[in-house]
Amino acid sequence: MLSQNYIALIPLLPIISFLFIGLIGRAYFPKFCGLIGTLSLLISFSLSAILAYQFFFEIGKVNGVYQKIIALKYTWLQFTPNIAIDMGILLDPISVMMIVIVTFISLMVHIYSLGYMHGDHRISTYYTFLSLFTFSMLGLVLSSNIFQIYIFWELVGVSSFLLIGYYYDKPSAVAASKKAFIVTRFADLGFLLGILVLSYYSETLDFQTLIQRLTTNGTYLSGIATASFLGASALTWGLMLVFMGGAGKSAMLPFHIWLPDAMEGPTPVSALIHAATMVVAGVYLVARLFPVFVMCPIALDIVAYVGIISSLFAAIIACTQTDIKRVLAYSTMSQIGFMMFALGVSGYAGEEGTGFMASMFHLFTHAIFKALLFLGAGSVIHYVHSNDMKDMGGLRKMMPITHITFLLACLAIAGIPPFAGFFSKEEILTACFHANKFIFGAAVLTAGLTAFYMFRLYFNIFWNKDFKSHHTHEEHHHGEAPKSMLFPLMILAGLSVIAGFVPFNKFVTADGAGFETEFHLGFAIGPVLLAIAAILLAWKMYAKENSMSDNVSNSIKGLYTSAYRKFYFDEIYLFITQKILFNLIGRPAAWVDKNIFDGLMNLIASITETVSGSIKTYQSGKAQDYAIYFFAGTLGFVLLFIYLWI
Amino acid sequence: MENIGLTHILFVSTTLFFIGVYGFLTRKNMITMLMAIELILNSINMNFVAFNKFLYADKLDGIFFTVFIITIAAAEAAVAIAIIIHLYRNIKSIDVDEADIMKY
């Protein structure tokens with residue numbers, strides 16, 4: 001049996017290091033905070049690796065089906081005998097897979113930051129926030145209770161806010177952090193309402209009970225399926241609202257606007273939070289409630305269409321951006337779209353569940369190669385001191401290791417065999433092909449665009465023109481990044497090559513039972529050829545300095561400009577908030593507040609002031625005046641007494 | 001002598017009381033005000049003695065109260081004079097209107 005104590009240590013170590021660094025370390029030994037954080041996470045990662053081994057190979061499987069195990073349960077708030085908020089640890093294939101990914105990527109980022117953030121005077125604060133984030137994310141994936149997941153959901157939102165605004169002296173970073181917080185918070189409102197709807201009908205907050213009650217025929221399921229509101233059943237509404245929260249965190253349309261701006265944070269943070277772990281929380285949430293989603297085809301369809309539209313949309317924008325981190329941000333959004341629509345087209349059991357498995361598989365491989373891409377970009381930014389690809393070019397000679405690892409990651413995300421992305425993307429395309437031809441077509445197109453914009457990025461950074469440094473001082477030409485940055489790059493590059501060979505269909509499936517997938521060479525060859533063609537096109541356009549890209553962008557000027565301006569989403573939001581919401585709701589509300597509520601209070605205050613001002617002169621400080629009042633008062637009482645009783 | 005009754009004594013004590021009140025309210029010298037308070041207390045003493053004699057001749061409670069009041073009046077005079085001396089050290093005056101800093 002599993003020893004519960006060491007499982008609890010996996011999320012507890014980061015919170016201990018958060019408290020320790022934040023309360024003591026920051027003040028007394030700021031230099032060692034990074035090492036402490038990294039060390040605690042190293043232990044945490046080792047424990048989760050052991051746990052994963054035990055779960056997948058020793059105790060997780062009963063009769064060939066992976067079980068959901070409640071490893072730890074502590075009743076935190078008991079409202080009624082049925083409804084309680086528990087703090088627990090739920091182990092099943094996806095949560096175990098997620099804790100390995102989270103601790104691993106977080107460990108890589110911790111190590112990388114030792115080099116990247118070296119010399120920053122707030123490095124101890126940085127590691128404090130990183131620890132807090134890691135704790136919250138682990139708590140999120142291990143949650144056994146829907147309310148527990150909500151608490152940790154908000155906690156990752158806060159840590160993301162803190163880390164995006166880490167460079168708080170930059171106005172753009174402050175604005176970005178606020179934007180990220182407000183947009184995701186707005187989406188989380190839907191999540192909370194969704195939780196309320198689902199738990200109201202199922203009369204529980206516990207995941208397993210909730211799923212069991214809402215998927216088996218009975219009073220609970222018929223209750224939620226028959227109750228209807230605005231033409232949709234309560235089940236659909238609940239799931240839609242939960243998905244709204246997931247879409248906010250995962251930057252799906254129309255809540256995606258915070259993600260590109262979130263790149264204002266330090267690059268390792270972007271790698272950890274805004275590429276590999278936190279943004280897939282939405283996918284994880286849908287996967288966690290997947291059995292319930294299967295009961296409601298409309299909700300699943302919406303998940304699928306939001307996913308594919310976001311994916312295609314982001315891929316088009318990514319082709320035009322010149323800030324390398326923004327390209328990666330849109331690429332992240334696009335890949336998360338892949339995971340979403342893979343879930344959306346999936347069925348539940350056996351081979352029907354290919355989409356679910358593929359989505360989780362893509363989540364796994366994407367975390368690895370996208371973290372690698374971001375860390376590589378961080379290494380480039382560290383060298384060039386700029387985010388703009390116009391300032392780069394020809395860097396392959398200066399930074400050979402970064403170049404090779406970045407190339408491997410690009411090949412992985414483009415889906416070239418035998419790199420990791422090929423396998424997961426192939427599974428997704430297979431799942432779509434059987435489920436929905438329209439989504440399949442859009443997905444293939446997006447996959448081609450992915451290859452194009454990734455290699456546009458790659459050629460612009462490492463080839464194109466020769467690198468001219470803007471810095472004249474000699475010390476800026478420090479060559480390749482320090483070892484602490486290269487080490488994670490190399491490990492992640494190695495994994496991006498081999499991660500695709502993990503047999504996910506045996507381990508991570510919707511119903512816990514493994515199934516066989518067939519590999520069709522004829523089916524795989526099309527997308528691969530498309531990706532190769534896209535790479536060649538990128539090579540022709542960007543490998544040498546030439547005017548071809550300008551010609552192309554001029555010939556489709558309207559599309560290019562609108563994609564470059566991100567299809568005016570920011571402007572639309574600004575218009576809605578500033579012109580409509582502020583003028584129609586904000587200003588009248590402010591007027592009412594200022595004039596009516598404040599006016600009432602001011603009236604009371606001014607009455608009090610006038611009255612007290614007029615009577616305060618009676619307090620003259622002269623003892624004999626007081627004596628006169630005293631005698632007069634006594635006399636008055638005596639007269640009253642005589643008048644009333646005698 | 002026998003036609004001096006309770007009413008006569010009460011009339012004297014009331015007169016004494018209001019003389020004391022008048023003195024307390026009008027005199028500005030604190031020592032004089034203290035003397036006025038003594039007048040008020042003594043009028044009360046007279047009341048106690050008179051009521052004791054005319055209404056409860058077999059008891060001594062009224063006399064006891066008189067003795068207590070005389071004692072307390074002595075103590076009060078000591079405290080009051082101490083306060084007046086301190087006040088004099090601070091504001092160089094024993095005029096009660098000068099001591100008016102405790103106000104709004």
Side-chain angles (χ1 to χ4, degrees), chain A residues 23 27 168-169 174 178 582-583 585-646, chain B residues 6-7 10-11 13-44 47 51 55 69 73 76-104:
Chain A
L23 294 176
Y168 63 88
D169 46 0
V174 175
K178 278 193 285 193
F582 285 6
N583 281 338
I585 297 172
R587 285 184 214 285
W591 184 86
V592 167
D593 185 57
K594 229 176 251 163
N595 291 297
I596 295 187
F597 293 110
D598 284 8
L600 213 64
M601 291 300 136
N602 288 338
L603 187 69
I604 293 171
S606 67
I607 289 172
T608 314
E609 199 183 352
T610 327
V611 171
S612 59
S614 62
I615 61 173
K616 75 178 176 185
T617 46
Y618 289 105
Q619 195 182 4
S620 60
K622 294 191 166 72
Q624 285 176 323
D625 290 356
Y626 301 154
I628 288 175
Y629 306 146
F630 175 74
F631 276 115
T634 315
L635 208 62
F637 275 115
V638 167
L639 290 177
L640 192 71
F641 184 78
I642 290 168
Y643 173 75
L644 284 178
W645 277 285
I646 298 176
Chain B
L6 182 57
T7 321
L10 287 185
F11 183 78
S13 81
T14 311
T15 315
L16 205 56
F17 178 82
F18 280 104
I19 291 171
V21 169
Y22 177 77
F24 184 75
L25 293 181
T26 51
R27 305 314 294 251
K28 298 297 174 195
N29 189 317
M30 289 190 205
I31 305 284
T32 326
M33 284 169 71
L34 188 60
M35 286 156 69
I37 292 172
E38 297 298 322
L39 278 188
I40 296 172
L41 287 169
N42 282 332
S43 81
I44 306 296
N47 272 8
F51 281 123
L55 296 182
I69 291 173
E76 183 226 303
V79 173
I81 289 173
I83 292 173
I84 292 168
I85 290 170
H86 265 277
L87 210 55
Y88 178 74
R89 285 187 185 155
N90 279 318
I91 61 175
K92 296 286 171 236
S93 160
I94 53 168
D95 189 326
V96 72
D97 282 350
E98 308 260 313
D100 64 348
I101 46 173
M102 296 261 288
K103 59 182 175 186
Y104 60 86

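Chain letters run A, B, ... following the sequence lines, proteins first, then strands; residues in each count from 1.
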Distance from N29(B) atom CG to D97(B) atom CG, nearest 0.5 Å?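 Answer for the CG-CG pair, N29(B) versus D97(B), is 11.5 Å.
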Nearest-0.5 Å distance that lies between atom CD in E76(B) and atom CD1 in I83(B):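 Answer for the CD-CD1 pair, E76(B) versus I83(B), is 9.5 Å.
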Anything in residues 36-43 of chain B with a heavy-atom distance to chain A below 4.5 Å? Please list those residues in order.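 The list, in residue order, is empty: none.
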For residues 591-607 of chain A, which residue pairs qualify under side-chain hydrogen bond (donor to acceptor under 3.5 Å, both in side chains), counting only residues two or more places apart or in two chains?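 For residues 591-607 of chain A, and leaving out neighbouring residues, there are no side-chain hydrogen bond (donor to acceptor under 3.5 Å, both in side chains) pairs at all.
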Could you look at F630(A) and say if it's the side chain, the backbone, both or neither that has a heavy atom under 4.5 Å from chain B?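 No part of F630(A) comes within 4.5 Å of chain B.
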Least distance between heavy atoms, S13(B) atom then N47(B) atom: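 The pair with the smallest heavy-atom distance is OG-OD1, 2.6 Å.
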Check ion pair K622(A)-D100(B) (N to O, under 4.0 angstrom):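 The answer is yes: the pair qualifies as a salt bridge.
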What do the steps show when you test K28(B) against D95(B) for salt bridge (charged side-chain N to carboxylate O under 4.0 Å, His left out), and what is the final call? CA-CA 5 Å; K28(B) 298 297 174 195; D95(B) 189 326; over 6 Å; no
